[in-house]
Amino acid sequence: QRLWRQDIAGSKAHADMLAACGIISDDDNAAIQTGLDAIGDEIAAGTFSFSVELEDIHLNIEARLTERIGEAGKRLHTGRSRNDQVATDFKLWVRGALEQAMGDLDALRAVLVARAEEHADTVMPGFTHLQTAQPVTLGHHLLAYVEMLTRDHGRLLDAWLRAEECPLGAAALAGTGFPIDRRMTAEALGFAGPTHNSMDSVGSRDFAMEALNALSVGAVHLSRLAEEIVFWTSAPFGFARLSDAWSTGSSIMPQKRNPDAAELIRAKAARIAANAQALMMTVKALPLTYAKDLQDDKTLTFEAFDAFALCTAAMTGMMETIRFNPDAMRAAAGRGYSTATDLADWLVRTLALPFREAHHVTGSIVKLAEGAGIELSAVPLASMQTIHAGITDAVYGVLTVDASVASRTSYGGTAPDQVRAQIARWKEILE
């Protein structure tokens, strides 16, 4: 039933072509067009009676058309088969779903860029192995996901572009002997042109496989951001707080604010990836051309796109309303000797030490700080000079998290000026 709009659009285009090619009369075509429009109104209004006995959307609509307009309705199926009809309907649906998914990613990217602009200089810890590594800015962190989602957008667009050929007119598998104009129907339905091999037209579903695999990568990226939200909103981190709209309470613990939407995104990502794999395995052993196995392609594809739409909507809602705690982020950024690399870089720049020697000196100073239970910026100069005599009090200028972040000025780095430059670039792209 979800394919009814595509099925009616395909039938209208097919009937116009049949009339233009002199295969059916103009009067029959006019009756078909009027009848299909009326059926579309019935389905949209919920008054259409679907019958399981008629097997599929195609026969349901065709039977109703014949019921409404008589013999003319029986001429509609001339020069086509349900095999090319369903391939066309399904490809149209997938193209529309890809357009919707790309639009959803655009909305999410715009929100992430806006939040990044708010927090271009909000310092937070950057992690490797989930261990404090170096200070970064929250704006920089959020823009990392904009980059990922942009590649996802590109993959969806690639899938859309590779689905630009129309199967209609391939008939059952060998084409048809009627003098049809496949280019006319392809153009009418918004395709770039017709498919070039009738067997491939009805027996291939790689357009759906590619779409679902692109969705899988995008869902994985959404799941990674969801995982960050779970961490950030936990009490030990305290980096952020979800709004009531995107969190739930506990049945017995009144203090809880569970990040359910984020957790469900993680689960949905698994479902989307599973559906992509299931579709590939459905097709993998099919000889050409059509087999009933392909009936399952719709369920897997519909479910995957539904889940992705939920995930992008939920993530957009969470990122619009999440409240960040800059003080907690800044405090965490200063823990774990996160400016150790800045100390090593200072030794290289100022004392001309080879980096490996600077790395060793820094490690010794970190060990000294650990033993004393203090941060690097609190290590007395005299103590540092016992490890390397050339160290001066100028070193303290690089040991703060703000100085660390500000120093990362290479292109694509976390320095606030670099982050703002990227934000300006993204705003221009998204506009």
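Values reported hereafter were calculated over all heavy atoms of this structure, with side chains retained and with hydrogens, waters and symmetry mates removed. Computed from a predicted model, the values in this text were never measured in an experiment.
- With a 6.0 Å radius and a threshold of 12 heavy atoms from other residues, nucleotides or ligands, H360 has its NE2 atom at or below the threshold.
- Counting heavy-atom neighbours within 6.0 Å of K268 NZ, excluding the residue itself, gives a total of 12 or less.
- Annotation: the span from C311 atom SG to I272 atom CD1 amounts to 5.0 Å, rounded to 0.5 Å.
- Residues P416 and V405 have side chains in contact (heavy-atom distance under 4.5 Å, counting atoms from C-beta outward).
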Requested in this report: Check the pair F308, L105 against side-chain contact (heavy atoms from CB on, under 4.5 Å), reporting the backbone distance first and the verdict last.
Outcome: CA-CA 10 Å; F308 192 78; L105 287 180; 4.0 Å; yes
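- We find that R82 and E62 are not joined by a salt bridge, their nearest charged nitrogen and carboxylate oxygen being 4.0 Å or further apart.
- E147 pairs by the salt bridge (Lys or Arg N to Asp or Glu O under 4.0 Å) definition with R425, not counting sequence neighbours.
- Using modelled atom types and a 3.5 Å distance limit, the side chains of S204 and D200 yield a donor-acceptor pair.
- If you check the side chains of E53 and S51, you find a donor sitting under 3.5 Å from an acceptor.
- Proximity of a side-chain donor or acceptor of T350 to a complementary backbone N or O of L347 within less than 3.5 Å is not detected.
- A distance-only check finds a donor-acceptor pair linking the side chain of D84 to the backbone of G169 [under 3.5 Å].
- Taking OG of S247 as the start and CD1 of I229 as the end, the distance is 11.5 Å to the nearest 0.5 Å.
- Judged by distance alone, the side chain of T34 and the main-chain N or O of A31 form no donor-acceptor pair under 3.5 Å.
- At least one donor-acceptor pair under 3.5 Å links the side chain of S234 to the backbone N or O of F231.
- For the pair S201 (side chain) and N197 (backbone), a donor-acceptor distance under 3.5 Å is present.
- Side-chain contact annotation: Y290 with Q295, donor-acceptor N/O pair under 3.5 Å absent.
- For R115, the CZ atom sits in a packed shell: over 12 heavy atoms of surrounding residues, nucleotides or ligands are nearer than 6.0 Å.
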Under 3.5 Å, sequence neighbours excluded: what are the donor-acceptor pairs made by side chains of residues 154-161?
residue	atom	partner	partner atom	Å
R155	NH2	D152	OD1	2.9
W160	NE1	E99	OE2	2.9

Identify each donor-acceptor pair in which a side-chain atom of residues 132-139 lies under 3.5 Å from a protein atom, sequence neighbours left out, and give them as a table.
residue	atom	partner	partner atom	Å
T137	OG1	A120	O	3.4
T137	OG1	H140	N	3.1
T137	OG1	T414	OG1	3.4

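- With F191 as the fixed residue, the side chain to side chain contact (heavy atoms under 4.5 Å, CB included) test singles out one of E165, R183, R182, K91: K91.
- Put simply, CD1 on I24 and CG on L18 are 5.0 Å apart, with the number rounded to the nearest 0.5 Å.
- Note: W93 and F305 meet the aromatic proximity criterion, with ring centroids under 6.0 Å apart.
- Between R349 and V398 the shortest side-chain heavy-atom distance falls below 4.5 Å.
- Relative ring orientation between F127 and F239 is described as parallel, the plane-to-plane angle staying below 30° on a 0-90° scale split at 30° and 60°.
- For the residue pair R64/S49, the side-chain donor-acceptor check at 3.5 Å is not satisfied.
- Take D16 and apply the side-chain contact (heavy atoms from CB on, under 4.5 Å) test, not counting sequence neighbours, and it matches N29, Q33, M184.
- Residues satisfying the salt bridge (Lys or Arg N to Asp or Glu O under 4.0 Å) test with D327, not counting sequence neighbours, are none.
- The backbone N or O of V401 sits nowhere less than 3.5 Å from a side-chain atom of T339 that would complete a donor-acceptor pair.
- Within the model, atoms CG of D293 and CG of L286 stand 4.5 Å from one another, a figure rounded to the nearest 0.5 Å.
- In plain terms, the two heavy atoms of T78 and I23 that are nearest each other are CG2-CG2, 3.8 Å.
- Relative orientation of the H141 and Y145 rings is parallel, given thresholds of 30° and 60° on the angle between their planes.
- Every residue meeting the salt bridge (Lys or Arg N to Asp or Glu O under 4.0 Å) condition with D342, not counting sequence neighbours, appears here in chain and number order: R408.
- If you take CZ on R330 and CG on D402, they are separated by 4.0 Å, rounding to the nearest 0.5 Å.
- Looking at D56, D89, D7, D306 one by one, the single match for salt bridge (Lys or Arg N to Asp or Glu O under 4.0 Å) with R2 turns out to be D306.
- Considering NE2 of H153 and CZ of R109, their distance stands at 5.0 Å, rounded to 0.5 Å.
- For R224, the CZ atom is loosely surrounded, since the number of other residues' heavy atoms within 6.0 Å does not exceed 12.
- Using a cut-off of 4.0 Å between Lys/Arg side-chain N and Asp/Glu carboxylate O, D37 and K12 are scored as salt-bridged.
- A side-chain donor-acceptor contact under 3.5 Å links S11 and R80.
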